Structure formats: C-alpha cells, structure tokens
Engineer: 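Questions regarding the structure given below will be posed in turn.
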Number of protein chains: 2
Amino acid sequence: MSAATTVQRDTKREILDAAEAMIQELGYNGFSYQHIADLLGIKNAAVHYHFRSKADLGAEVIERYRRRFQRWAEQLEVQRKGVHAKLEAFFQIYYDLSNNGQRACPAGMLQAEFNAIPEEVREATRGLMIDLQEWLTGLLAQGREAGAFRFPGEPADQAVVIAATLQGALQIARSCGPERFDAAVAQLKRQLAG
Amino acid sequence: MSAATTVQRDTKREILDAAEAMIQELGYNGFSYQHIADLLGIKNAAVHYHFRSKADLGAEVIERYRRRFQRWAEQLEVQRKGVHAKLEAFFQIYYDLSNNGQRACPAGMLQAEFNAIPEEVREATRGLMIDLQEWLTGLLAQGREAGAFRFPGEPADQAVVIAATLQGALQIARSCGPERFDAAVAQLKRQLAG
DNA sequence: GTCTATAGGGAGATAGAC
DNA sequence: GTCTATCTCCCTATAGAC
C-alpha cells in the first residue's frame, strides 16, 4: 500500500525535480517542456499530461518548495536547535545551492524575471519570499533577545538584508566565482557577532 | 559639425536605451528585437542593421553601462565628494532604479540568467560586476580609515555584502513591495554607522 | 500514461528593393 | 537606414491513437 503512492507519481515528481533544477540554473524563461522531456527520456506531450501549462508547473514547483521549507523549519523546532544552529542551517541551504552547479535561490530567480512570468508563478513566489523573511525575522528577534546576535534597527529590516545578501551573492558568484558567496556569508556572520 | 555626430546615431542610441530598460525590467531572455522595433516604431530588420545579433546588443548595453559608471565615479572625484556623500550617491543609483518602474540592476538581472545568455554578454557582465565591487571596496577602505564607516573583516568582503544586498533587495521589492528595498538600504546605513 | 502528429505563434536572422 | 519578405528553428499546447 505504500508502493501504490510511490509508484503512481514517479514521473510527476521527476518533472517537478527537473523543473526546479532548471529554474534554479536557467530561470523560468530559460527552460522548456522539451528540455524536461529530453532529460527524462519522454515526449513533451507526456509533460503536458502531468502539468497542463508551464505556468501550472512553475507555480507547483514553488508551492512544493514552500512546503519543504515549512517542514524543514518544523524539524529544527523538533530537534530543539539553538539560534546559532538554526541560522547556520539556513545558510547551509544556500551553501548547498552554490555547490550544486552554481544554482541560485528559486525565489531570487523568479523575482529577477518577475515582470516576464505568469501571474500564478508570481503569486507563489511572493508567498515563498514572505515565508522566508518571516522565519528569518523571528529567528533574529529571538536571537537578539537571547544575546546571541547583535544588530541595529528592527529584526525585519535585518532579515531583508540577510535574505537579499544570500540571493544576491549566489548570483554574483556566477560571474565572479563561488568564493564571493563564501565571503558574503562570512561577513554576515561577523556582522551579527557584533 | 556638432549636429553631424548627434543626428547620425539617433536610432542606434534609442535601441541601446530601449534594450537597457528591457534588460532591467524583463531580463535578457524577456525581450525581443520585435519588442524594441515596436517601441521605436521601426521594423525588426532595422534593429539588425544597427546590431547584427542580440548578443552584440546585450554586450554593448553592458559596456556602455560600464563606461557610464566610470564617468560617474570620475565626476565624484572632480567634485571632491566625501565618503558619506559618495556612498549616498551610490545608493541613489539603485534608489532611482527602484522608483523607475521597479527596474533592477542590469548586472543582477544578467547574473540571474547567467547560464542562459550568450558568452559575450556574460563577459561584459563579469567586467561590470568587478568594476562595481572594486569601486565599493576602495570607498569602504578609505571610509573606515577616515573613521566614517565601521564594519568587521575586510573591505572587499563588506563590498560583496553591500552589492549583493542592493541587487537582491531590488529583486525582493518586486514581489514584496518597494518599502523592502528602502528598509534594506536603511539597515545597511545603520550597520556602517556601527 | 505515453505516444505521434501537428497546429499556431514568436524567436533570431538574412536577402534584396528602395 | 529602413523597408518587405522570408527562412529556419523552437516554443507552448492540443487531438487522438495505443
């Protein structure tokens, strides 16, 4: 009975995985159904069977990413991680992207292309970006209260700076080398250490 | 004789202006020769007369942007601006983008699309990004020495954080509203004030 | 669920008239 | 310098057989 759910959705999941990777590497306007079909060894009509339109696929990629982030955050609570460990885990998400074929944050990619993507994808992107910022804001507020982080101004403002730095540095790393991303993260840590 | 140079290149300049605006708003893969032709009221063949290929056009847009930035930096020196005024002027460049139809930094857009654009455009983008960072690094080193800025670590690392924040925040502002960009810049200033 | 076949449109680019 | 006309290719998407 567990096999039923697993076997049934294989192609659909593979398409989502491929689309997610391509959005991170090439952007929404940088890949096509044909690219996905070629990668999976199927025909582009089969991709349309699972996702009626490219806009649907793009939106579902982001919605899945949001759910995954929520589960990730819940896991950190279950594991009773401290604020430092939580921030480190958050940085690690972006570090992994950088080390995995110079991918970028999907939210960052879609915000760059924001005026050239379908409305449904925009809405999903906005939701993801808000989730990320709210989580970061909570962590920063909690961490400063506990004396773990030091920064001026409001936690929400510092959260924008951190989110923007991570997204921007992943993109800068593409033209200037991955060490620029590492340098940015190291500098963020120094700043928060006060 | 001054008219000779002015009249001669009108269309070419208009194409560069349109392409620059479209790269900032839509990205390299978000506009076409047809879009430019429609905007200028000409035919797409006329655009090809001035720029043989889209890759040429993209690269020239960035090269012109680089030259403009260099002249901008030289002007600041001529005017003997202080480090605070220089940083403020730098922020103003991005502020203007944000207020002009939620445009983004051209370097940021092309770095997001980096794996989906022609090699010539990539090289120009890399050059622009290096120029921006070198200028910022010099300013930060000079400013800290003069006691105007406070930050930990190396000036080059702080420069990546600032450049990434500005690029990233312009993109975040598209989905979350322009006030997020303002908040990021305000936070950067607080950090540098120490 | 996946295929073949194809519609319908837009892309980048070129030839040659004016 | 700009036009008309056209080539070739790739895109998203659908119909209908298997």
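Fair warning: this is a prediction, and the values are worked out from it, not measured in the lab.
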Engineer: Quickly work out the A:F31 CZ to D:dC10 C1' distance and round it to whole Å.
Structural biologist: 15 Å

Engineer: Using atom CD1 of A:I117 as one end and atom C1' of D:dT12 as the other, report the distance to the nearest whole Å.
Structural biologist: 17 Å

Engineer: When we call it a touch if two heavy atoms are under 4.0 Å apart, what does A:F51 touch: a base, just sugar-phosphate, or nothing?
Structural biologist: nothing

Engineer: For A:L57 and D:dA13, give me the distance from atom CG to atom P, rounded to whole Å.
Structural biologist: 10 Å

Engineer: Taking atom C1' of C:dG1 as reference, at what distance in whole Å does atom CZ of A:R52 sit?
Structural biologist: 14 Å

Engineer: Examine D:dA15: is either OP1 or OP2 under 4.0 Å from a nitrogen or oxygen in the side chain of A:H48? Give yes or no.
Structural biologist: no

Engineer: Which whole-number value in Å describes the distance from B:N44 CG to D:dA5 C1'?
Structural biologist: 11 Å

Engineer: In whole angstrom, give the distance that lies between atom CD of B:Q34 and atom C1' of D:dC10.
Structural biologist: 17 Å

Engineer: Please state whether the phosphate of D:dG1, meaning OP1 or OP2, lies under 4.0 angstrom from any side-chain nitrogen or oxygen of B:T11.
Structural biologist: no

Engineer: I want to verify a distance call: between D:dC11, D:dT12, D:dT4, whose nearest atom is closest to the A:H35 side chain?
Structural biologist: D:dC11

Engineer: Does B:K12 make a cation-pi contact with B:Y49 (under 6.0 Å, within 45 degrees of the axis)?
Structural biologist: no

Engineer: Over how many whole Å does the gap from A:D38 atom CG to D:dT12 atom C1' extend?
Structural biologist: 15 Å

Engineer: Indicate the ring-plane relationship of B:F90 and B:W72, choosing parallel, tilted or perpendicular according to the 30° and 60° boundaries.
Structural biologist: tilted

Engineer: How are the rings of B:Y33 and B:H48 set to each other: parallel, tilted or perpendicular (split at 30° and 60°)?
Structural biologist: tilted

Engineer: Does the distance from a Lys or Arg side-chain N to an Asp or Glu carboxylate O, for A:D131 and A:R67, drop under 4.0 Å?
Structural biologist: no

Engineer: Can you see if the side chain of B:H50 gets near the phosphate of D:dT2 - specifically, an N or O under 4.0 Å from OP1 or OP2?
Structural biologist: yes

Engineer: Any carboxylate oxygen within less than 4.0 angstrom of a Lys/Arg side-chain nitrogen, looking at B:R66 and B:E63?
Structural biologist: yes

Engineer: Ignoring backbone atoms, test whether B:S32 places a side-chain nitrogen or oxygen under 4.0 Å from the OP1 or OP2 oxygen of C:dA11.
Structural biologist: yes

Engineer: So B:K54, base contact, sugar-phosphate only, or nothing? Heavy-atom distance under 4.0 Å.
Structural biologist: sugar-phosphate

Engineer: Verify the contact: side-chain N or O of A:Y49 to OP1 or OP2 of C:dG1, cut-off strictly under 4.0 Å; return yes or no.
Structural biologist: yes

Engineer: Please state how far atom NZ in B:K43 lies from atom C1' in C:dT14, giving the value in whole angstrom units.
Structural biologist: 17 Å

